[in-house]
Amino acid sequence: MAMNRRHFLGGMGAAGASLALAGLTGRVRAQTSGDYRALVCVFFGGGLDNWDTVVPYDDASHATYASLRASMFAANPGYRDRARLLPLDTSGFEGRRFALPIEMEGLHGLYGSGRAALVGNVGPLLEAVTRAGFEAGSARLPARLFSHNDQVSTWISGAPEGSAQFGWGGLFADASRAANGAPEFSAVGTGGGELFLTG
């Protein structure tokens, strides 16, 4: 297999997670209750977009998707071909259907068994924005909208870079501390998530 950026970053992420978890082995207590729930946040910081994760699956939407990403389809034979996608049981989208890539078979199984959910349409916008509202300057926009660093900070803390003290992951861990049997492991990161994990 030829090495590319995605495979390299994926391998590095897995290696980092393995090393981090190896240090915790023996200190993490096994969860024995049947009502255990976990919130797992995966933040790629621009490395993977949502339309490469939750892919349009109905015929019309997938055809539009394929035409918009024609260069990716041409450069990567088989890339997100409809026949290679894992359809999700979705309803309420006016006939539109969605699927996961074949690489996400594990998540697909969890979703199908009701043990995972996908949250769509999240982002730093304060309200729905139209092009006309944006161009007229009447739309309320997040601070420093076109700064990548500031928007990463806004995603994880609600404020632009340099003005945030707490991340929502850390604040969530603080709020759930009383119900957590092992609070020393409320929030664990494998790299670069200090602000997100700060409560």
Shortest non-hydrogen separation from Leu86 to Glu105 and the atoms involved: CD1-CA, 3.7 Å

Arg80 side chain to Val55 backbone, donor-acceptor under 3.5 Å: no

Donor-acceptor under 3.5 Å (Asp58 side chain, Ser61 main chain): yes

Arg144 CZ to Ser163 OG distance, which is reported to the nearest 0.5 Å: 6.0 Å

Single-linkage hydrophobic cluster, 4.5 Å side-chain cutoff, Leu171 and Ile156 together: no

Between CG on residue Leu88 and NE2 on residue His108, distance to nearest 0.5 Å: 5.0 Å

CG on Leu141 to CD on Glu127, rounded to 0.5 Å: 7.5 Å

side-chain contact (heavy atoms from CB on, under 4.5 Å) evaluation trace for Val54 with Leu100: CA-CA 5 Å; Val54 181; Leu100 293 175; 4.2 Å; yes

In one Ile/Leu/Val/Met/Phe/Trp/Tyr side-chain cluster, 4.5 Å: Tyr79, Phe98: yes

Gly167 backbone acceptor or donor facing Thr198 side chain under 3.5 Å: no

4.5 Å side-chain heavy-atom contact, Leu125 and Pro142: yes

Spacing of OG1 belonging to Thr53 relative to CE belonging to Met104, to within rounding of 0.5 Å: 4.5 Å

Distance flag, aromatic centroids of Tyr65 and His62, threshold under 6.0 Å: yes

Residue Glu103 excluded, over 12 heavy atoms near CD under 6.0 Å: yes

Phe73 atom CZ, neighbour heavy-atom count above 12 within 6.0 Å: yes

Nearest-0.5 Å distance that lies between atom CZ in Arg115 and atom CG in Leu107: 11.5 Å

Where Ser153 and Ala159 come nearest, the two heavy atoms and their spacing: OG-O, 2.8 Å

Leu195 and Glu161: CA distance, side-chain angles, deciding distance, side-chain contact (heavy atoms from CB on, under 4.5 Å) verdict: CA-CA 10 Å; Leu195 176 59; Glu161 187 174 49; over 6 Å; no

Heavy-atom pair of closest approach, residues Phe134 and Ala139: N-CB, 4.1 Å

Nearest atoms (heavy-atom pairs only) where Arg97 meets Pro87: NH2-CB, 3.7 Å

Leu85 side, atom CG; Arg82 side, atom CZ - distance, nearest 0.5 Å: 8.0 Å

